[in-house]
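Worksheet: the structure to be examined is printed underneath.
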Amino acid sequence: MSTPLCDLSAVEIAGRVRNGSLRAEQVLDSALERIRAVEGRPPSLEPYELQAEDRSTVHAFITLTEERARAQARAVDDAVAAGKDPGALAGVPLGVKDIFCVAGTPSTAGSRILANFVAPYTATPVARLEAAGAVTLGKVNLDEFTFGSSNESTAFRPPPGNPWDPGRVPGGSSGGSAAAVAAGEVALSLGTDTAGSIRQPAAFCGVVGMKPTYGRVSRYGLIAFASSLDCPGPVARTVSDAALMLGVIAGADIHDATAAHVPVPDYLGGLEQDVRGLRIGLSPDYFKLRYPDPQTGELREQPITPEIETAVRSAAEALARQGAEIVENVPMPNTHLGIPAYFVISRVEAASNLHRYDGVKYGFRYAGPVGDLKELYRKSRAAGFGRQPKLRILMGMYVSAEQYEKGYYQRALRVRTLIRRDFEQAFDRGGAHRLDALLTATTPTTAFELDAVYGDSVLMQYADLLTVPADHAGVPGISLPVGLDAQQLPIGIQLLGPDFSEARLLQIARAYERQTQTEAWRAARPKVLNL
Amino acid sequence: MKGTMSEIEAVIGLETHIQLNTRTKIFCACRADSWGADPNTNICPVCTGLPGVLPVPNQAVIDKAVRLAAAMHVDEIRPLSYFARKNYFYPDLPKGYQISQYDETLARGGHLDLPMPDGSVRHVRIVKLHQEEDAGKTVHQGGRRLIDFNRCGVPLVEMVTAPDLRSADEAAQYLIRLRQLLRWLEVSDGDMERGQLRCDANVSIRPVGFEGLNPKTEIKNVNSIENVRAAIEKEIERQKREVEAGRRIEAWTLEWDEDTGTLRKMRSKETEADYRYFREPDLLPVRLEAGWLAAQRAALPELPLERKARFIAQYGLPAYDAEILTEERTLSEYFEAAVAARGGEAKSVSNWMMNDVLRLMRERGVLAGDLKLRPQHLASILRMVDERKITGSTGKELLARVEAGGQDPETLVAAEGLGQVSDEGALRQVARRIVEDNPGQVEAYRKGKVTLIGWFVGQVMRQTGGKADPQRTRAVLEEILAAGTDA
């Protein structure tokens, strides 16, 4: 049986659409067919009761924009027919995490408070993808305002299921992105990573996800969670596809003062270089979980899941066989402080970023009678925000209050500097380790079951323990699939590198992918595709 | 705190918000000036704080804020300063936070030495000078709140004085000098009626000699310098009465009611609000290169009070003239250019400017810099008058004619024969005819009413269209009239 068009890589789709051997509309039809087959009932704000079939379908899309996609596909086909350049992503099906504004499209952030908000403008990375010929199929689900690691906090339910086992979470917050890509509903998805929100769901869903250097991709149009941490980035099925997509979205932007004016290299061009002589580090601090006991505050320690540790070590061996130099015992001593510092910094920024949702200008407004303005604010926010935004607002307000700010917020900022220093020392060209990349597990476990962790905000946060340090430090990271565990769930590893080393990370990831192309697990398909 | 009125002094600090006159807003490309625009017509996703937008700093705002800071003699313009978020809820603050500066602001310290009309000088310290964005406007109308976002994102400098002012007059003088400075530096139009300069006043009283600060009230919503003076005066009197009556001053916020000229209590000041300031992650730190900063400082024009002092010292002008000529920068530049073109004669230039040029400006409603009558035109008219090529009245007429047409005054004089009648023969002829035609006046003169000479001179001037030299004319007339007596 031939591969459905929607399962082709973005590189192949764009190549064939550009040379005229495939029409964008054919690809679109194939993707729509896949969506109909695997989506199940669409997520909505209606009171949610779990139905049996919800545990066998994906529910990735909050909004399907079929007409927009059709028009874009036709425009690509017309351009090809007219001999014009249709763009580097011609005809590639794209899903946009519903945290990005897209003109004329509901931009909900997975929240009731923005459920009726239709953006009047388009986010820079989305605009660049569409200008390159990508076909936007719609907006995919996420944790409410990206606050979570499982997608269970979305106001649009049912939440997405993991295509490998829809009774399990896809991870988050870019869970809809990873699930849609894994299930072949789209070839590419634009996600965001604030503590691991691209890499963790990519690992859970067996796809590639890259968090670029902070500032590599413009945040304009990204509905802010924690502005000093948020990074847009690609979710794709292959390393090459991620490289192709990153090349399109990266670069300076007049609408984002924090977007870097660093030239964008040809990520795809250098991808096939070998890894001979590259120094790849392993850190004991990434093979264990150290965290304060939620009750006693005492520091506890436990190893990551043995299967995952084994996967990381065998990936290192695979790279060593290609000539990479493996550097053991790289100390990253502040790794365990990542989550507590993140708890503080992200919530201070989140509480401030959420101030604007007040029921006055746009979005949800409490419809009942109110006595005064304050009551309108209170009731609109009480009914419009779900539990996660409320928790984060409370925490953020608390730790930024004048009397606590020094003890929490300022201290967390200092911790952030320490975490950054760990990376600087590991990558220092004149230092003891001189790493090109640090290789770690992406997540301490594989995908957990729906409802197993949700409700425990602290525990949920530890799903990001291995990913959040890179967000603090601003350095890039890529998660890629390296196999399946005993339950046939994907395992992900991540490579972390110095600022603006995306090309190098992609090259290493591609080397691993190339070498393991024939391994048996690569033939396995997500459960939703085998039904 | 008991005492008689004479032992009580006022302690006043002013908090000003200065709207910078940049072309665009501070963080987006909307026009900064929305004067006269319909509500919510000069807005964009950025200044209305839609989800996902980001601020992009306007370099012109930083340039102007730096210029103002330098002119306020700040102790330091920080090479690295930060924007911060000031978080609070209000419907006309669309993001729910105002982008301002909090710690490590643009500048530290500063002062203005305020000359008072009585010759004393009040040293006013600046305790805060930072950049921020303006919020929108709320209008209450029949129980409804109407919001206009046009003003959102208009660049402001917030500048706060120490409690160094001691009277309502001093507060008014401070604002007059500040407004003069803002226009001089071209950083703001400084029009209080248009909200380009806003002022809240903190007022308390204390016995003279007491160095501490008593509870103060804050006066808001005053929109002219005169009203600031009136409101502070009223509040000082009220506080004195309260204290006289043995009551305590409470920390109220008072609102000025322009229609009734009275102060109204807005609210009792509760505990300071917690704005949960933190550095704005959407903006990079403001980095100012040392070389650039030095160039900015070097490019700072001579300031009005310095220029006034120099005019007195260098040109020997009376303080009154120097004050008027330095009220506005282009006027002072005009004066200096005219003196240079005339090659001196500063007092004469000053007289002509204060009497005639200023009147022309008022009539046309323009600044000196916008006159068609350029300083070299004025100088050449003055030279012709001084050299008696034309009469003073022809000179004054010429000012208006050059301003109307912009022609060179010397060319005008030559082309239209406006030169003085200096031909002795022609002058005598006219004078003789007037003497012959007016025997009655001649007789009266000869009988001793010598003041009539002025009438004879006037007749000659009329006959010659003002071109006769008045002194020459008088001499010739006296000679003719005297000769007649002997005859």
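FYI, side chains are in, hydrogens and waters are out, and symmetry mates aren't considered; it's all heavy atoms of this structure. So that the names make sense, note that chain A is the first sequence line, chain B the second, and so on, each numbered from 1.
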[X], part contacting chain B, at a heavy-atom distance under 4.5 Å:
{"X": "A:L354", "value": "neither"}
{"X": "A:F145", "value": "neither"}
{"X": "A:F100", "value": "neither"}
{"X": "A:A401", "value": "both"}
{"X": "A:Y220", "value": "both"}
{"X": "A:N353", "value": "both"}

| request: Mind telling me whether A:Y409 and B:F278 have parallel, tilted or perpendicular rings, with 30° and 60° as the class edges? | output: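 Judged by the thresholds at 30° and 60°, the geometry between B:F278 and A:Y409 is perpendicular.
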
| task | Using modelled atom types only, decide if a donor and an acceptor are shared between the side chain of A:R347 and the backbone of A:G396 within a distance under 3.5 Å. | result |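 Answer holds: no.
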
| said: Donor-acceptor check, side chain of B:N150 to backbone of B:N42, threshold 3.5 angstrom: yes or no? | reply: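 At least one qualifying donor-acceptor pair exists.
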
| said: With chain A as the partner, which of B:Y97, B:F89, B:F149, B:Y277 has the greatest number of non-hydrogen pairs under 4.5 Å? | reply: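 The answer is B:F89.
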
Heavy-atom pairs under 4.5 Å with chain B: which of [options] has the most?
{"options": "A:Y377, A:Y357, A:F117", "value": "A:Y377"}
{"options": "A:H255, A:E349, A:M397", "value": "A:M397"}
{"options": "A:G221, A:S228, A:A119", "value": "A:G221"}
{"options": "A:D230, A:V348, A:L413", "value": "A:V348"}
{"options": "A:I99, A:D256, A:L229", "value": "A:D256"}
{"options": "A:I254, A:D358, A:T124, A:L222", "value": "A:L222"}

| message | Checking A:K97 against A:S173: is there a side-chain donor and acceptor pair closer than 3.5 Å? | response |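 The criterion, which ignores hydrogens and geometry beyond distance, is satisfied for A:K97 and A:S173.
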
| said: Just by distance, no angles: are the side chains of A:R128 and A:S218 close enough, under 3.5 Å, to form a donor-acceptor pair? | reply: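 No, no side-chain donor-acceptor pair sits under 3.5 Å.
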
Less than 4.0 angstrom from a charged side-chain N to a carboxylate O is my criterion; do [X] and [Y] meet it?
{"X": "B:D92", "Y": "B:R145", "value": "no"}
{"X": "A:R219", "Y": "A:D253", "value": "no"}
{"X": "B:R85", "Y": "B:E280", "value": "yes"}

| field | Heavy-atom pair of closest approach, residues A:L376 and A:Y366 | value |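 Taking every non-hydrogen atom into account, CD1-O, 4.3 Å.
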
Given heavy-atom pairs under 4.5 angstrom as the criterion, report whether the side chain, backbone, both or neither of [X] touches chain A.
{"X": "B:Y88", "result": "backbone"}
{"X": "B:R276", "result": "both"}
{"X": "B:P91", "result": "both"}

| field | Passing candidate, salt bridge (Lys or Arg N to Asp or Glu O under 4.0 Å) with B:E133, options B:K86, B:R151, B:K25, B:K95 | value |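 Per the salt bridge (Lys or Arg N to Asp or Glu O under 4.0 Å) rule, the option paired with B:E133 is B:K95, out of B:K86, B:R151, B:K25, B:K95.
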
